[in-house]
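Working notes, beginning with the structure itself.
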Amino acid sequence: MIQTIKNLLGLGPKIDYAQLVKDGAIILDVRSKGEYAVGNIDGSINIAVDTLQNNLNKLKDKNKTIITCCASGMRSGMAKNTLKSNGFTNVYNGGNWHSLRQKISK
């Protein structure tokens, strides 16, 4: 219970997103097409969270590392849960795309 609360507050184990990307992780931006067009992380894939369930076939390898992101971390959390419940094994919620971009550009 305490670990769950820590994870929700971002106090869980630190994740090296830059290393995950270097190792071939996919960045999945789950904002709307309009939001994505205004700014995004180079090389990311855009599938809006409300269409993710119907577009899982675009993410072919369920063992590939996926980092979800959005505007605040709420939709990316929902996307992570959707992916996990559909058999994707290595999924991380990267939260806000601006912050994630800074973390991976180190």
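For clarity, every value in this text was computed on a predicted model and none was experimentally measured.
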Does anything in residues 77-88 pair up under side chain to side chain donor-acceptor pair (under 3.5 Å), and if so which pairs, sequence neighbours excluded?
Q53-N86
By side-chain hydrogen bond (donor to acceptor under 3.5 Å, both in side chains), D16 pairs with (sequence neighbours left out) none
I'd like to check the side-chain hydrogen bond (donor to acceptor under 3.5 Å, both in side chains) partners of S44; sequence neighbours left out, ordered by chain and number.
Y36
Can you name the side-chain hydrogen bond (donor to acceptor under 3.5 Å, both in side chains) partners of K58, sequence neighbours left out?
N55
Under a 4.5 Å cut-off applied to non-hydrogen side-chain atoms, are V91 and T68 in contact?
yes
Check: V30 and L28 side chains under 4.5 Å, non-hydrogen atoms:
yes
All side-chain contact (heavy atoms from CB on, under 4.5 Å) counterparts of I26, not counting sequence neighbours:
I45, K64, I66
Under the side-chain contact (heavy atoms from CB on, under 4.5 Å) test, residues paired with K62 that sit two or more places apart
F88
Mind checking what makes side-chain contact (heavy atoms from CB on, under 4.5 Å) contact with V21, not counting sequence neighbours?
I27, I67, I104
OG on S105 to CD1 on I41, rounded to 0.5 Å:
9.0 Å
Tell me which pairs pass salt bridge (Lys or Arg N to Asp or Glu O under 4.0 Å) where either residue lies in residues 29-52, with sequence neighbours left out.
D29-R31, E35-R75
What side chain to side chain donor-acceptor pair (under 3.5 Å) pairs are there with at least one residue in residues 90-99, not counting sequence neighbours?
S76-N93
Output all residues satisfying side-chain hydrogen bond (donor to acceptor under 3.5 Å, both in side chains) with T89, sequence neighbours left out; order by chain, then residue number.
N63
